[in-house]
Q: 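Dropping a structure here in structure tokens format, bear with me for questions.
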Amino acid sequence: MFRRMARSLIAFVMVASGMVIGVSATAGTAHADECYTWSRPLSQGASGHDVTQLQIRVAGWVTSGERLSYDGQFGARTTAAVKKFQSVYGLAADGVAGEATFSKLYALQDADCTPIHFSYAELNRCNSDWSGGAVSAATAKANALKTMWKLEAMRHALGDVPLTVSSGFRSRACNSAVGGSSTSRHLYGDAADLTGSPTLCRLAQQARTHGFSEILGPGYPGHDDHTHVALDPSPYWSAPTCGV
């Protein structure tokens with residue numbers, strides 16, 4: 001809370017200073033951010049690393065069963081996700097990511113690019129360096145970041161109810177210690193086990209509309225005490241007790 005208040009104060013001072021010395025932002029370009037700064041407006045047809053950065057942050061705003069690719073190509077699905085993001089946050093839903101959209105994204109992220117309601121520490125209680133999984137440490141950490149942004153979207157869609165992550169990335173040793181499957185998505189860093197409120201069934205049902213392709217919950221063997229969400233190349237949902 002203190003960190004977010006401090007960042008808000010700094011942003012206010014920066015804006016006020018700009019007003020005093022007569023500096024104005026270039027049209028379509030939002031203020032600089034500690035994590036990542038977009039330097040141009042983005043719309044359908046655009047491509048590049050800045051599009052990929054946008055996709056990471058809006059991938060949780062898709063329709064049921066859809067997944068957004070992190071390919072740096074601003075296509076129809078990215079446009080739809082941007083529109084949905086804009087709509088739920090009270091922005092003009094035109095599908096063009098410009099100053100207002102970027103400013104909202106800046107407000108939703110911390111200096112390390114994680115969304116404000118989640119952290120790397122929550123997604124990795126196994127070790128400090130993300131090593132020992134099924135992919136490189138860098139890939140596992142990058143996958144966790146993508147997962148957190150989907151969870152941020154899910155959290156907001158549920159009315160900003162805090163979500164509790166009981167397990168995220170696991171090395172093979174950590175996975176074996178808890179009896180996890182040898183093919184578990186936890187080994188890739190793109191999985192999260194959720195517990196607490198709202199109900200586990202509500203979590204399983206809601207996850208379908210936020211880009212998760214693997215959802216396991218109550219009624220599925222070993223998942224009556226949590227809801228598991230992940231990005232699996234082979235989509236699979238099963239939470240029989242919840243109608244999923």
Q: Measuring from S238:OG to E214:CD, what's the distance to the nearest 0.5 Å?
A: 10.5 Å
Q: Got a second to check how far S47's OG is from F74's CZ, nearest 0.5 Å?
A: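 Reported to 0.5 Å precision, the distance equals 11.5 Å.
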Q: What are the two closest heavy atoms between L123 and T147, and how far apart are they?
A: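 Heavy atoms of L123 and T147 come nearest at CD1-CG2, 4.5 Å.
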Q: Does K141 make a cation-pi contact with F169 (under 6.0 Å, within 45 degrees of the axis)?
A: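 Ring-cation test returns no.
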Q: For a quick test of reading the model, state the closest non-hydrogen atom pair linking P115 to L145 and the distance between them.
A: CD-CD1, 4.5 Å
Q: Within the 4.5 Å heavy-atom criterion, are E66 and S213 side-chain neighbours or not?
A: no
Q: Mind checking ring-ring contact (aromatic ring centres under 6.0 Å, His included) for F212 and listing every partner two or more places apart, or none if nothing turns up?
A: none
Q: My understanding is that only residues two or more places apart in sequence, or in another chain, count here; which of them pass ring-ring contact (aromatic ring centres under 6.0 Å, His included) with Y89?
A: F85, H156
Q: side-chain contact (heavy atoms from CB on, under 4.5 Å) for S166 and L194? Distances and angles first, verdict last.
A: CA-CA 6 Å; S166 62; L194 306 176; over 6 Å; no
Q: Taking 4.0 angstrom as the limit, do K150 and D190 come out as a salt bridge?
A: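 The answer is no: the pair does not qualify as a salt bridge.
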Q: Rounded to the nearest 0.5 Å, how far does CZ of R57 lie from CZ of F102?
A: 10.0 Å
Q: Can you tell me which residue among L203, T227, D225 is in a side-chain contact (heavy atoms from CB on, under 4.5 Å) with P218?
A: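 Going through the options one by one, the only one that passes is T227.
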Q: Rounded to the nearest 0.5 Å, how far apart are SG of C242 and CD of Q205?
A: 6.0 Å
Q: Evaluate the criterion side chain to side chain donor-acceptor pair (under 3.5 Å) for residue pair T114 and Q109; output intermediate values, then yes/no.
A: CA-CA 6 Å; T114 58; Q109 67 186 14; over 6 Å; no
Q: Drop me the distance from W61's CH2 to S87's OG, to the nearest 0.5 angstrom.
A: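 Result: 9.0 Å between the selected atoms.
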Q: Taking the basic N atoms (NZ, or NE/NH1/NH2) and the acidic carboxylate oxygens, is any pair closer than 4.0 Å for R155 and D160?
A: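 Salt bridge present between R155 and D160.
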Q: Could you please spell out the steps behind the side-chain contact (heavy atoms from CB on, under 4.5 Å) verdict for Y236 and L216?
A: CA-CA 8 Å; Y236 184 70; L216 305 174; 3.7 Å; yes
Q: Using ring-ring contact (aromatic ring centres under 6.0 Å, His included) as the criterion, list what pairs up with Y220, not counting sequence neighbours.
A: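 Here the qualifying residues are H223.
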Q: Compare every heavy atom of P198 with every heavy atom of L163, then report the nearest pair and how far apart it is.
A: CD2-CD, 4.2 Å
Q: Under 4.5 Å between any side-chain heavy atoms of Q53 and W38, yes or no?
A: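 When only atoms from C-beta onward are counted, W38 and Q53 do touch, with a gap below 4.5 Å.
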Q: Does a side chain donor of either Q44 or T78 reach within less than 3.5 Å of an acceptor in the other side chain?
A: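 No, no side-chain donor-acceptor pair sits under 3.5 Å.
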Q: Output the distance between atom OG (S69) and atom CZ (R77), rounded to the nearest 0.5 Å.
A: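 S69 OG to R77 CZ: 7.5 Å, rounded to 0.5 Å.
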Q: Going by atom types only, do H228 and D193 share a side-chain donor-acceptor pair under 3.5 Å?
A: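 A pair is found: one side chain offers a donor N or O, the other an acceptor, under 3.5 Å apart.
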